[in-house]
Peer 1: 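Just dropping this structure here.
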Amino acid sequence: MFDPTYAFSGFSVKDMQAAKSFYTDKLGLKIDGEGVELKLHLPGGATVFMYAKPDHQPATYTMLNFSVADIDEAVDELIKRGVVFERYDNMPAPQDDKGILRGLKAGMGPDIAWFKDPSGNILSVLQEK
């Protein structure tokens, strides 16, 4: 019988110290642990396992999304903290000056803006309504 009591996801990073600094200092998240394995505590109570991998290859998809009430405020705050937002040419709608794809107004899903962690993994901040 398959009867798990707990489940979690994980992702790799190239440089654990750079990742730890980014996720705590720039994103304000709590991390438990030391060394090559850390637990990253996400808003809403989820935990993600972050581990060092010397031959790390960045995710080519959005591997972590942060839902916010006001995307403009969130993007402005992250920019102040040194986060750089990505720009993509192949989007169904153009991104604005801040790098936000305004999906709500266009009827194409959430407003969303993408950025990368120090290991090149793609993250996003999004507003669903």
Peer 1: I'd like to know if Asp72 pairs up with Arg102 as an ion pair, taking the criterion as any Lys NZ or Arg NE/NH1/NH2 lying under 4.0 Å from an Asp or Glu carboxylate oxygen.
Peer 2: yes
Peer 1: Does the ring center of Phe85 lie less than 6.0 Å from the ring center of Trp114?
Peer 2: no
Peer 1: List the atom of Ala18, the atom of Pro118, and the distance in Å for their closest heavy-atom pair.
Peer 2: O-CG, 3.6 Å
Peer 1: Looking at Leu101, Asp111, Leu104, Asp76, which hits side chain to side chain contact (heavy atoms under 4.5 Å, CB included) with Ile71?
Peer 2: Asp111
Peer 1: Assess the side chains of Glu128 and Ser67: does a donor N or O sit below 3.5 Å from an acceptor N or O?
Peer 2: yes
Peer 1: Looking only at heavy atoms, which two atoms of Phe115 and Ser124 are closest? And how far apart?
Peer 2: CE2-C, 3.9 Å
Peer 1: Kindly assign one of parallel, tilted or perpendicular to the pair Phe49 and Phe8, based on the angle between their ring planes and the thresholds 30° and 60°.
Peer 2: perpendicular
Peer 1: What's the shortest heavy-atom distance between Ala52 and Met16, and which atoms?
Peer 2: N-CE, 3.3 Å
Peer 1: Determine whether Leu123 and Tyr23 make a side-chain contact, defined as any pair of heavy atoms from C-beta on separated by less than 4.5 Å.
Peer 2: yes
Peer 1: Which heavy-atom pair separates Gly120 from Pro58 by the least distance, and what is that distance?
Peer 2: O-CB, 3.3 Å
Peer 1: Closest heavy-atom contact between Lys53 and Ser12?
Peer 2: CB-CB, 3.7 Å
Peer 1: In this structure, would Leu126 and Leu78 fall into the same cluster of hydrophobic residues linked by side-chain contacts under 4.5 Å?
Peer 2: no
Peer 1: Spell out, yes or no, whether Val13 and Tyr61 are grouped together once hydrophobic residues are joined by side-chain heavy atoms under 4.5 Å, including indirect joins.
Peer 2: yes
Peer 1: With the 4.5 Å side-chain cut-off for hydrophobic clustering, are Val68 and Val75 part of the same group?
Peer 2: yes
Peer 1: Going hydrophobic residue to hydrophobic residue with side-chain gaps under 4.5 angstrom, can you get from Val83 over to Leu29?
Peer 2: yes
Peer 1: Determine whether Lys20 and Leu38 make a side-chain contact, defined as any pair of heavy atoms from C-beta on separated by less than 4.5 Å.
Peer 2: yes
Peer 1: Quick check: are there more than 12 heavy atoms from other residues, nucleotides or ligands sitting under 6.0 Å from CZ of Phe2?
Peer 2: no
Peer 1: Out of Met50, His41, Lys39, which residue meets the side chain to side chain contact (heavy atoms under 4.5 Å, CB included) rule with Ile31?
Peer 2: Met50
Peer 1: Please determine whether a side-chain nitrogen of the Lys or Arg among Asp117 and Lys26 lies less than 4.0 Å from a carboxylate oxygen of the Asp or Glu.
Peer 2: no
